[in-house]
Amino acid sequence: MAETAAPASVTSTVEPAAPSGNKSSPEAPTTAPRPAEKPGKPETKRWADEEDDPPEEPEKKDDAPAPSNSDPEVNLAELKITENKFLDDPEDSNISAVTASDTPYTSASSFEDLNLSPDVLKGLYVEMQFKKPSKIQAITLPMILTPPYKDLIAQAHNGSGKTTCFVLGMLSRIDPNIKAPQALCICPTRELAIQNLEVLQKMGKYTGITAECAIPTDRTSSTSAQSRPPVSAQIVIGTPGTIKRLMSTKKIGVSRVKILVFDEADHMLAEDGFKDDSLRIMNDIKRYSSHCQVLLFSATFNEKVTNFVSKVIKGGGNQLFVKKEELSLEAVKQYKVYCPDELAKIDVIKSKIFELGEKLGQRIIFVRTKNSARMLHQQLVQDGYAVTTIQGALNAEDRDKIVKEFKDGLTQVLISTDLLARGFDQQQINCVVNYDLPIKYREGPRTRDPPEPDYEVYLHRIGRAGRFGRKGAVFNLICGDWDESTMSKIEQYFNSPVTEVENTEEAFEGALKAAGLL
DNA sequence: AAAAAAT
């Protein structure tokens with residue numbers, strides 16, 4: 001395995017150096033100028049403060065043909081794209097962008113093409129150590145940064161560098177003279193908001209632009225809400241409820257907001273997601289700030305959300321989509337393990353994921369409910385396994401601590417609910433376990449019908465491994481007919497085979513080798 | 001019945 005430095009030069013895809021220490025290292029590959037530190041600290045602050053160890057999203061392959069939704073027209077961006085393909089682009093994905101007719105865009109082959117400010121460029125090269133735009137960046141950045149600042153819906157693979165797209169968009173639109181919120185980014189979880197802020201702080205280190213998180217604090221402190229001073233930061237990143245509330249209590253002025261980002265946008269606009277809050281925020285802003293640019297990013301947009309989203313963004317926006325069959329990351333091998341009962345599942349976790357997994361990088365185990373998170377945690381700890389667990393019932397402080405320990409590499413195995421299914425960027429994760437398969441929630445009376453898989457969540461979960469084109473393995477624990485049916489539906493949906501692995505040491509070793517992890 | 005958040 002040439003698992004080391006990226007095959008020199010070129011761009012997007014990167015085979016990061018093998019796990020060396022834990023530094024949540026930058027995404028960009030090769031070398032970059034390494035000038036001396038300059039004290040250009042951005043006066044950033046945030047609610048639940050800590051320190052910063054920025055994560056981020058890498059650049060890599062992304063995209064593919066787009067389902068044309070509304071006004072198709074221009075279709076550029078293909079030239080540079082084909083150039084890029086000789087890294088390890090799996091399928092040389094053809095990108096087709098559906099753009100509004102009147103604005104031609106040219107894909108950016110370097111960050112210099114984008115008219116970024118010198119301070120931002122320096123952040124990209126020095127802090128992030130980026131070299132060239134990833135594919136999604138090359139295509140969307142011109143769309144985001146070129147007047148007349150059209151709305152954008154952009155889908156791209158997990159770990160392909162979406163965060164950088166909207167962070168650069170936000171940084172570039174700020175008027176330094178105005179000390180008030182001008183960019184808003186809405187995220188589904190506080191963890192993701194914090195992570196995005198950290199990326200932004202790192203990338204914007206030399207700009208002096210101020211940024212702040214607006215996320216729930218532990219509600220014990222009654223100081224949180226009313227007594228809070230108005231938000232003066234130029235960029236605000238937060239969760240929908242808190243943002244909404246700060247807006248309605250006038251703590252966040254809305255009149256100067258000119259760019260509004262929804263990370264994990266499909267979930268933010270889904271019926272069973274944050275649709276109401278998101279629309280409320282969007283409408284409040286548009287009422288006072290009619291020219292506000294709206295950016296929607298996610299790795300998944302199912303048909304239903306896509307239809308809705310296209311209505312929200314309407315005519316003049318740009319759109320990028322990827323076929324679902326091309327969304328699974330090729331570098332991540334998917335496996336299934338048949339388990340006769342719950343005990344067998346726990347045994348797999350212990351004997352394979354922990355003991356055999358010692359040779360691996362960090363691992364994350366997804367469960368369906370908070371309760372099973374607690375139970376599994378208890379079972380493992382009881383037997384002396386080192387594991388930490390995160391789920392929404394923990395208080396903010398504990399959540400932050402668990403995440404930080406994991407990001408710092410102090411813990412190796414993390415149990416999580418779908419709290420961390422989306423967006424969580426930790427490059428040393430090379431193994432994901434679906435202790436429970438993700439299924440859609442059904443209301444109403446019980447049925448005998450097997451549950452519907454939650455395809456989007458599945459894709460997001462497995463995307464926690466294989467960040468930035470790294471290799472990874474996914475183990476789905478299958479217990480019973482329903483699981484079996486769920487699994488096969490998932491395989492069909494993404495048209496990606498999931499290989500059976502026997503519950504033996506040899507079989508797992510073989511699987512890990514085949515995945516390139518041993 | 002994950003998540004956010006507040007009634």
Side-chain angles (χ1 to χ4, degrees), chain A residues 47-48 184-196 213-226 228 236-249 251-252 262-282 298 300 305 364-377 389-400 402-403 414-424 432 434-447 451-464 482 486:
Chain A
W47 274 78
L184 246 52
C185 174
I186 323 289
C187 316
T189 62
R190 62 194 310 286
E191 282 69 21
L192 199 46
I194 293 170
Q195 179 178 287
N196 285 335
C213 260
I215 53 179
T217 51
D218 279 331
R219 53 181 52 205
T220 49
S221 53
S222 55
T223 51
S224 48
Q226 272 73 13
R228 199 189 182 290
V236 181
I237 304 179
T239 47
T242 305
I243 297 260
K244 189 182 66 171
R245 198 149 146 275
L246 289 173
M247 280 172 45
S248 65
T249 55
K251 302 287 187 186
I252 291 182
F262 287 93
D263 195 6
E264 307 299 341
D266 61 322
H267 188 232
M268 301 308 290
L269 291 165
E271 292 281 2
D272 67 338
F274 299 97
K275 185 176 178 182
D276 292 346
D277 283 350
S278 296
L279 287 180
R280 169 86 180 278
I281 291 169
M282 209 183 295
S298 183
T300 52
V305 191
I364 188 163
I365 302 170
F366 284 107
V367 295
R368 196 170 63 88
T369 67
K370 297 173 198 172
N371 206 27
S372 45
R374 273 188 292 255
M375 308 247 282
L376 181 59
H377 178 92
T389 300
I390 187 169
Q391 37 94 351
L394 299 182
N395 65 44
E397 194 186 351
D398 288 344
R399 284 166 63 161
D400 291 348
I402 302 288
V403 168
L414 180 60
I415 299 171
S416 175
T417 58
D418 284 326
L419 173 64
L420 291 187
R422 287 173 173 263
F424 184 62
V432 171
N434 284 322
Y435 188 86
D436 305 305
L437 290 174
I439 55 175
K440 289 194 178 115
Y441 176 66
R442 295 179 291 182
E443 15 191 315
R446 303 190 172 202
T447 26
E452 264 301 287
D454 193 326
Y455 302 107
E456 286 73 37
V457 169
Y458 181 81
L459 195 80
H460 284 283
R461 283 181 178 186
I462 71 174
R464 293 322 96 208
W482 279 16
T486 305

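Quick note on labels: first sequence line is chain A, next is B, and so on, each numbered from 1.
- As rounded to whole Å, 14 Å separates atom C1' of dA3(B) from atom NE2 of His460(A).
- One interatomic measurement links the two molecules: NZ of Lys244(A) to C1' of dT7(B), which rounds to 11 Å at whole-angstrom precision.
- Not a single ring-ring contact (aromatic ring centres under 6.0 Å, His included) links His460(A) to another residue, sequence neighbours left out.
- Within the nucleic acid shown, Pro188(A) comes within 4.0 Å of sugar-phosphate atoms alone, with no base atom in reach, counting heavy atoms only.
- Checking dA6(B), dA4(B), dA1(B) against the side-chain heavy atoms of Arg399(A) singles out dA4(B) as nearest.
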Full working for side-chain contact (heavy atoms from CB on, under 4.5 Å) between Thr389(A) and Arg374(A): CA-CA 8 Å; Thr389(A) 300; Arg374(A) 273 188 292 255; over 6 Å; no
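- Counting to the nearest Å, the C1' atom of dA2(B) and the CG atom of Asp272(A) are 10 Å from each other.
- The interatomic distance linking Arg190(A) (CZ) with dA3(B) (C1') rounds to 12 Å, in whole Å.
- What separates CD1 of Ile243(A) from P of dA6(B) is a distance of 12 Å, to the nearest Å.
- At dA6(B), one or more side-chain N or O atoms of Arg245(A) fall inside 4.0 Å of OP1 or OP2 (strictly under the cut-off).
- For the pair Lys370(A) and dA3(B), the criterion of a side-chain N or O lying under 4.0 Å from OP1 or OP2 is met.
- For the OP1/OP2 pair of dA2(B) and a distance below 4.0 Å, the side-chain nitrogens and oxygens of Thr189(A) include no atom meeting the criterion.
- Between the C1' atom of dA2(B) and the CZ atom of Arg374(A) lies a distance of 13 Å, rounded to the nearest Å.
- Taking atom NZ of residue Lys275(A) and atom P of nucleotide dA4(B), one finds them 21 Å apart after rounding to whole Å.
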Ser248(A) vs Arg280(A), side-chain contact (heavy atoms from CB on, under 4.5 Å): CA-CA, chis, key distance, verdict: CA-CA 10 Å; Ser248(A) 65; Arg280(A) 169 86 180 278; 4.3 Å; yes
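- A cation-pi arrangement is present between Arg442(A) and Trp482(A), with the terminal nitrogen or guanidinium carbon under 6.0 Å from the aromatic centre and inside a 45° cone about the axis.
- As rounded to whole Å, 16 Å separates atom C1' of dA3(B) from atom CD of Glu456(A).
- Using a 5.5 Å limit on the distance between ring centres and a 30° limit on the angle between planes, the aromatic ring of Tyr441(A) does not count as stacked on the six-membered base ring of dA2(B).
- In this structure, the salt bridge (charged side-chain N to carboxylate O under 4.0 Å, His left out) partners of Asp436(A), at least two apart in sequence or on a different chain, are Lys345(A).
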